[in-house]
Engineer: 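Sharing a structure with you now.
Each chain gets a letter, A, B and so on, in the order the sequences are listed, and its residues count up from 1. Computed over heavy atoms, backbone and side chain alike; hydrogens, waters and symmetry mates excluded.
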Amino acid sequence: MRRHLKLLDFALASLRRRPLKSWGLVVVYAFTVAVVASVLLLTRAIREEAAQILVAAPELTVQRVVGGRHEPIPLSYGDAIRGLPGVMGVEARFWGYTYDAVTDSTITVMGASEGLQGLEMIEGRLPTTATECAVGAGVAEMWGAGTGGEVILVDAESTGVPYEVVGVFRAPSEMLTNDLVTMTSVEAAVFLGLPDGTATDLAVRIANPNEVDTVAAKIKRAHPDSRPITRSEVLRTYDAVFHWRSGMMLAVFSGALVAFAILAWDKATGLSAEERREIGILKAIGWDTADVLELKVWEGLTISLTSLMLGLIAAMVHVFVLGAPLLVPVLRGWSVLFPELRPAPFVDPYMLFAIAFLTVVPYVAATVAPSWKAAITDPDEVVRG
Amino acid sequence: MRPGTEPLVVVDDVTKTYHRGRPDEVRALRGVSVTVSAGEVLVIEGPSGSGKTSLLTVIGCMSRPTSGQVTIGDRRVSRLTESALTGIRRSTFGFIFQKLHLILDLSVEDNVMLPLVPTGMGAAEMKKRVDEALRAMRIEHRRTAAVGRISGGEQQRTAVARALVNAPTIIIADEPTAHLDGELSAELLAILGQLNDEGTTVVMATHDPRVTAHPAVHRRVVMQDGRIVEGGAG
C-alpha cells in the first residue's frame, strides 16, 4: 500500500512539474466532457419535461386528415365518438399559431373557456368574453403586457385584433405554456378562421387506459378520414425527436470531440525526449516496468478524473443552474419564443458511467501504451545515451 | 580498504551483441572474463567504443549478456527475468552515470529519494536514508533546490548521493569524471575512496589517467574492441 501511495505522490509531483501541459490537457478535456454531458443532461431534462406535459394530455387526440393535410374536424365526429363504449367524454379543442413580427415570435393561441388542466394563474383570471385573453408568463414578459394591458394578435385574415389581457398564467412545465395565449373557445375558433361547426382536434377521455388502442381503432373504422393519436405515440415521438436532436448536436460537436481526441492522443502518447529519458533513468536506478506503468496510470487517472469531475460540474451548472443557454436554442428550435427551462437536477448513473467509460479509459490507455513501450526498453540505453 | 579474496562479481566468457542479425549489428563484448572481489576498486580502461560501458551494464544487471555467465555473489543473473534483475539492481548497485542523469526539475532530495520510491519503504526510514546520503555528500543545505539550478559540483554530489541512498554493495560509475574539472574530479575520487574504505566495492569505466593513477584504485583492466587486453585475471 505504501508503495502505491508513494507512486501516486510521485505522479502528482510529476504533473506539478509540467503545469502548462497538465492544465492545458485538463481544460480541453473538461470542456469536451462538459459539452457532451450538457447535451445528454439537457436532452434528458427536455424529455422529462415533455413527459410531464403529457401527463395532463388526453389519452387520445383525434384529428382529421384530408389529402395528407391536417384539416379542421367536424364537431359531429365528437358526438359519434362520445357514444362509443369506454369513452368518458369528448372535448373540442380550438388552437393554432400566430406570428408576431415585432418580437419575431410564434405564439400558440388556444381556446380555454373551461380552463386548461395544469394551468396556474399568477394574476387575474381566464378570459370570458371575445375581447379578452390570458397570456403565459413568457409572453407577458416579452411584450411587457400584464393584467389590464392590451395585446394585438394577427388573425387568420391577417388583421390585427386587440385583446385585453385579463390574466397571466404558468404551468409546472413552462415548455408550452410560456408561449401560449388563451381566449374563449368561440373567439379562438373565429380568430383562427375555423369553419363553423369544426374544431382543431378532439380530446377524448377514456375510462380504462388499456382500452385506448381499441377505442382508437373503432374511431378510425367509423371515420376513415380521422387520425387518432394516443398519448404514448406522442411521447414516443417526443422521445425520438429529442434523441434525434441530441444526436445531431453530438454530431455537430463531433469535430470538437475528434480535435480533443487528437490533442489528447498527441499529448498523452507523444512522449517527449525528456519523458523518455526520465523513464530510462527510473529504470536504471531500480524501478521496475510495473512501477513505471503504475506511475503513468496514476498520472492518467489524475488528469482524466479531474477533468471528468470539472466537466460534469460545469455541465450541471450550465444545464441546471443557468438553464443551458448555449444549447437550448438548438435543442428546442421548434419555437421562436423559448420558454425558460429550469430542469430539476437529475443525474442518470448510467449516463455518468458512459461518459466516464468513454473518456477515462481511452485516455489512461493512451497514456500508458507509449510509456509501456519506453519502459520495456533495457535501461542500459539511458546509460549509453 | 584492501580487497578481499572472495569474488563478488564473476563475468565468464560474456558476449554482448546489439541489433543482432541487422545490418547495424554491433559486437560490443567478445568473450570477456573478469572477476571483481569484494571491497575492490576496479577501473576499466579503454578508448571510446572499446566495450567499457557495455561491460558495466552487464555487471550492473541493466542488460543481459548475449552469451556467457554473470554471477553476482552466489546468484547467476545472466538469464533472470527483468523483474528479478530490477530487484538485484535495486538492492545491490548504486549507479553514477557519465551524464549524471538527474531529473532537473526535481529537488535535490527528491532526486536522491527516487530509487527508494517503489520499494514501499516507510516515510521515516526513507527520510533517514536520504538525510544520511545528503550529509555524506555535504549537499544537505541544497536539499530543496531544483537540480537544474545548482552548480555542476553540487549536481555531481547529488548523483553520488542518489547512488548511495539504497546502501549498495557495489557502485558502478561510468566515466564519472568525464565532464568535471580537476578539482571536482579529485573531490569525486576522494568520495569514492572514502566509500570504498567503508566497504563498498567500486567498478569504474574511464579513460581519464587521473582516475587510473588515483591511490584508491586497486586494479585496472584495459579493453579494446570488446575484449580485455590487459589485467583480465581476477
Side-chain angles (χ1 to χ4, degrees), chain A residues 1-24 271-299 302 368 371-385, chain B residues 16 18 26 28 53-58 60-64 81-107 110-123 125-126 146 148 159 162-163 165-166 168 172 174-175 205:
Chain A
M1 187 64 191
R2 264 203 302 248
R3 175 180 158 275
H4 299 302
L5 289 175
K6 279 285 168 198
L7 286 170
L8 171 60
D9 190 38
F10 188 72
L12 295 176
S14 294
L15 294 174
R16 281 197 296 269
R17 282 190 286 131
R18 295 185 284 268
L20 201 64
K21 176 178 176 178
S22 304
W23 281 111
L271 279 188
S272 64
E274 186 61 26
E275 287 170 306
R276 230 185 297 273
R277 180 177 158 274
E278 272 189 32
I279 289 176
I281 293 172
L282 296 177
K283 288 285 305 267
I285 62 175
W287 285 47
D288 207 344
T289 301
D291 300 327
V292 174
L293 292 184
E294 185 172 337
L295 173 72
K296 292 297 168 187
V297 167
W298 281 129
E299 283 184 12
T302 304
V368 170
S371 303
W372 176 76
K373 277 167 68 181
I376 57 171
T377 310
D378 269 350
D380 73 326
E381 284 193 15
V382 73
V383 183
R384 313 183 73 81
Chain B
K16 178 72 183 177
Y18 294 99
V26 176
T53 300
S54 296
L55 180 55
L56 281 188
T57 62
V58 167
C61 297
M62 285 194 220
S63 69
R64 297 183 189 86
T81 61
E82 193 241 331
S83 177
L85 286 177
T86 302
I88 292 174
R89 228 163 37 236
R90 195 182 283 172
S91 62
T92 309
F93 294 98
F95 296 94
I96 302 170
F97 305 107
Q98 181 178 350
K99 293 179 184 168
L100 302 184
H101 289 316
L102 296 165
I103 297 179
L104 299 182
D105 46 9
L106 276 185
S107 68
D110 283 344
N111 266 283
V112 173
M113 194 187 290
L114 273 182
L116 304 178
V117 169
T119 61
M121 185 182 285
E125 173 66 12
M126 204 180 275
R162 185 182 63 187
V165 76
N166 58 343
I172 301 278
D174 186 22
E175 303 276 9

Engineer: Answer with side chain, backbone, both or neither: which region of B/Leu102 has an atom nearer than 4.5 Å to a non-hydrogen atom of chain A?
Structural biologist: backbone

Engineer: Identify the two heavy atoms, one from A/Ala284 and one from B/Arg89, that lie closest to each other, and give their separation to 0.1 Å.
Structural biologist: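 Looking at all heavy atoms of both residues, the shortest contact is O-NE, 3.8 Å.
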
Engineer: Looking at chain B, which one of A/Leu282, A/Thr289, A/Leu5 has the largest number of heavy-atom pairs inside 4.5 Å, strictly under?
Structural biologist: A/Thr289

Engineer: Between chain B and each of A/Glu294, A/Lys283, A/His4, count heavy-atom pairs under 4.5 Å; write down the option with the most.
Structural biologist: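 When all of A/Glu294, A/Lys283, A/His4 are compared, A/Lys283 has the most.
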
Engineer: Could you report the tightest heavy-atom contact between A/Gly286 and B/Pro118, atom names first, then the distance?
Structural biologist: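 Where A/Gly286 meets B/Pro118 most closely, the heavy atoms are O-CG, 4.4 Å.
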
Engineer: Stepwise, does the side-chain contact (heavy atoms from CB on, under 4.5 Å) test hold for A/Ile285 with B/Phe97?
Structural biologist: CA-CA 10 Å; A/Ile285 62 175; B/Phe97 305 107; 4.2 Å; yes

Engineer: For the residue pair A/Lys6 and B/Thr119, establish whether any side-chain heavy-atom pair is separated by less than 4.5 Å.
Structural biologist: no

Engineer: So that I can tick it off, tell me whether B/Arg90 and A/Asp291 are bridged by a salt bridge, with the cut-off set at under 4.0 angstrom between side-chain N and carboxylate O.
Structural biologist: yes

Engineer: When rounded to the nearest 0.5 angstrom, what is the spacing between CG in B/Asp105 and CD in A/Glu278?
Structural biologist: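 Separation between the atoms: 6.5 Å.
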
Engineer: With a 4.5 Å heavy-atom cut-off, do B/Leu114 and A/Trp287 have their side chains touching?
Structural biologist: yes

Engineer: Can you give me the closest heavy-atom contact between A/Asp288 and B/Ser83, atom names plus distance?
Structural biologist: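 Looking at all heavy atoms of both residues, the shortest contact is OD2-OG, 3.3 Å.
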
Engineer: In terms of heavy-atom proximity below 4.5 Å to chain A, should B/Met126 be classed as side chain, backbone, both, or neither?
Structural biologist: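 For B/Met126, the contact with chain A is made by the side chain alone.
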
